[in-house]
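When a ligand or atom number is given, it counts from 1 through the structure's own listing order.
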Amino acid sequence: MDLAEIYSRIWDCLDRAAAGKNQPFKTMQAATIGLDGSPNVRTVVLRRVSEPQSEIIFHTDLRSPKIAELSREPRIALVGVDPVRNLQIRAKGKAEIIRSGPERLEAWKSSPDHTLTVYRTALAPGTPIDSPDQAFGSGSAIAGEQKGFDNFCVVKVHIESLEWLEHSNNDHHERALYRREGERWSQSWIAP
Ligand SMILES: Cc1cc2nc3c(=O)[nH]c(=O)nc-3n(C[C@H](O)[C@H](O)[C@H](O)COP(=O)(O)O)c2cc1C
């Protein structure tokens with residue numbers, strides 16, 4: 001593959017991940033800079049991607065620590081792996097937290113109900129509890145038609161760089177770097 005083909009393949013992998021179940025890169029690890037300056041990383045589900053807009057979108061809880069971190073420092077890095085094909089995709093960019101408006105509402109409405117349970121707890125993510133039941137147990141759920149919506153937000157990552165690494169079985173590894181420069185992307189091979 002040449003650099004242009006790899007670039008298309010990256011977005012193709014991300015597109016499939018966002019659209020399908022059990023796809024490689026459906027979950028990626030998202031790293032932020034903690035409030036104390038230390039790194040923090042966690043798994044998120046890719047909900048939507050857009051190559052023309054250079055965006056990767058995930059959903060999260062407004063009460064979660066990552067929102068405080070991204071509000072202070074929007075730089076974010078994502079990494080995912082396809083362990084079968086030995087592929088790694090890394091992305092870096094700036095996170096925009098969408099706390100209101102039609103895009104957030106649409107994201108909420110189009111999410112399967114079971115994925116919304118986590119937003120319906122009375123306790124903020126990370127709150128110390130005595131046992132797992134306490135988070136979801138009776139009395140902790142918020143009542144009402146819009147249950148949990150107040151806690152829900154969309155995180156849109158405006159991608160500034162992408163990296164591809166393919167570890168092939170014959171030791172011919174390929175690593176490529178793409179940087180967004182205004183409306184275009186620069187592309188280059190880098191040593192694996
Ligand atoms: C398979 C899997 C998928 C997850 N997807 C999300 C997600 O899409 N959004 C999210 O906020 N947390 C998701 N989580 C939970 C996070 O990894 C993390 O534990 C939680 O968001 C708290 O992160 P924070 O304390 O850094 O804010 C997922 C966890 C797993 C195991």
Side-chain angles (χ1 to χ4, degrees), residues 11 13-50 53-85 87-101 103-137 140-142 146-159 162:
W11 284 105
C13 287
L14 298 176
D15 258 335
R16 282 166 197 259
K21 268 189 183 165
N22 301 323
Q23 292 288 328
F25 310 107
K26 180 76 193 174
T27 56
M28 291 182 86
Q29 278 61 54
T32 50
I33 299 165
L35 297 180
D36 63 357
S38 65
N40 240 338
V41 66
R42 81 287 288 157
T43 304
V44 294
V45 175
L46 258 60
R47 299 291 176 186
R48 201 164 65 73
V49 306
S50 165
Q53 312 283 338
S54 306
E55 289 167 359
I56 293 179
I57 285 149
F58 65 89
H59 300 164
T60 196
D61 193 313
L62 274 170
R63 303 168 297 174
S64 68
K66 68 180 88 51
I67 290 298
E69 294 170 0
L70 289 169
S71 302
R72 191 185 70 103
E73 171 51 85
R75 283 180 297 169
I76 185 167
L78 296 150
V79 66
V81 67
D82 176 344
V84 175
R85 292 177 187 79
L87 305 175
Q88 175 181 264
I89 295 175
R90 300 166 84 179
K92 280 189 188 176
K94 290 207 179 76
E96 176 190 356
I97 302 163
I98 301 174
R99 301 167 189 265
S100 61
E103 189 170 352
R104 171 172 167 265
L105 183 60
E106 184 49 40
W108 172 265
K109 283 185 176 167
S110 59
S111 296
D113 198 62
H114 72 270
T115 66
L116 303 177
T117 320
V118 290
Y119 304 104
R120 297 184 168 136
T121 60
L123 301 176
T127 306
I129 49 177
D130 292 332
S131 75
D133 296 345
Q134 210 182 325
F136 294 96
S140 67
I142 301 159
Q146 289 284 81
K147 269 195 215 172
F149 183 54
D150 285 352
N151 300 325
F152 176 82
C153 70
V154 170
V155 178
K156 187 180 279 184
V157 182
H158 300 279
I159 302 298
L162 284 166

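With a heavy-atom cut-off of 4.0 Å, P65 touches ligand 1 through backbone and side chain alike. Contact annotation for H59 and ligand 1: only backbone heavy atoms (N, CA, C, O) come within less than 4.0 Å of the ligand.
Close approach of ligand 1 to S64 (heavy-atom distance below 4.0 Å) involves ligand atoms 27 (O).
Scanning the protein for heavy atoms near atom 8 (O) of ligand 1, the closest one is V45 N, 2.9 Å. The single protein non-hydrogen atom nearest to atom 23 (O) of ligand 1 is K66 NZ, 3.3 Å, given as residue, atom name and distance. Ranking protein heavy atoms by distance to atom 19 (O) of ligand 1, first place goes to R42 CB, 4.6 Å.
Listed by chain and residue number, E69 satisfy the side chain to side chain donor-acceptor pair (under 3.5 Å) test with N40 (two or more places apart in sequence, or in another chain).
The shortest N or O to N or O distance between Y119 and ligand 1 is not below 3.5 Å.
A salt bridge is absent between R48 and E106: the closest approach of a Lys/Arg side-chain nitrogen to an acidic carboxylate oxygen does not fall below 4.0 angstrom. By the 4.0 Å N-to-carboxylate-O rule, K147 lies too far from D113 to be salt-bridged with it.
The heavy atom nearest to atom 29 (C) of ligand 1, considering only T43, T60, V44, L46, is found in T43.
Side-chain atoms of I67 and T60, non-hydrogen and from C-beta on, do get closer than 4.5 Å to each other. Between L62 and Y119, the closest side-chain pair of non-hydrogen atoms is not below 4.5 Å. Using a 4.5 Å heavy-atom cutoff, the side chains of V81 and P24 are not in contact.
Here the rule is side chain to side chain donor-acceptor pair (under 3.5 Å) with T32, and of R72, E73, R42, K66 only R42 fits it.
Contact annotation for atom 26 (O) of ligand 1: protein present (non-hydrogen atoms, distance under 4.0 Å).
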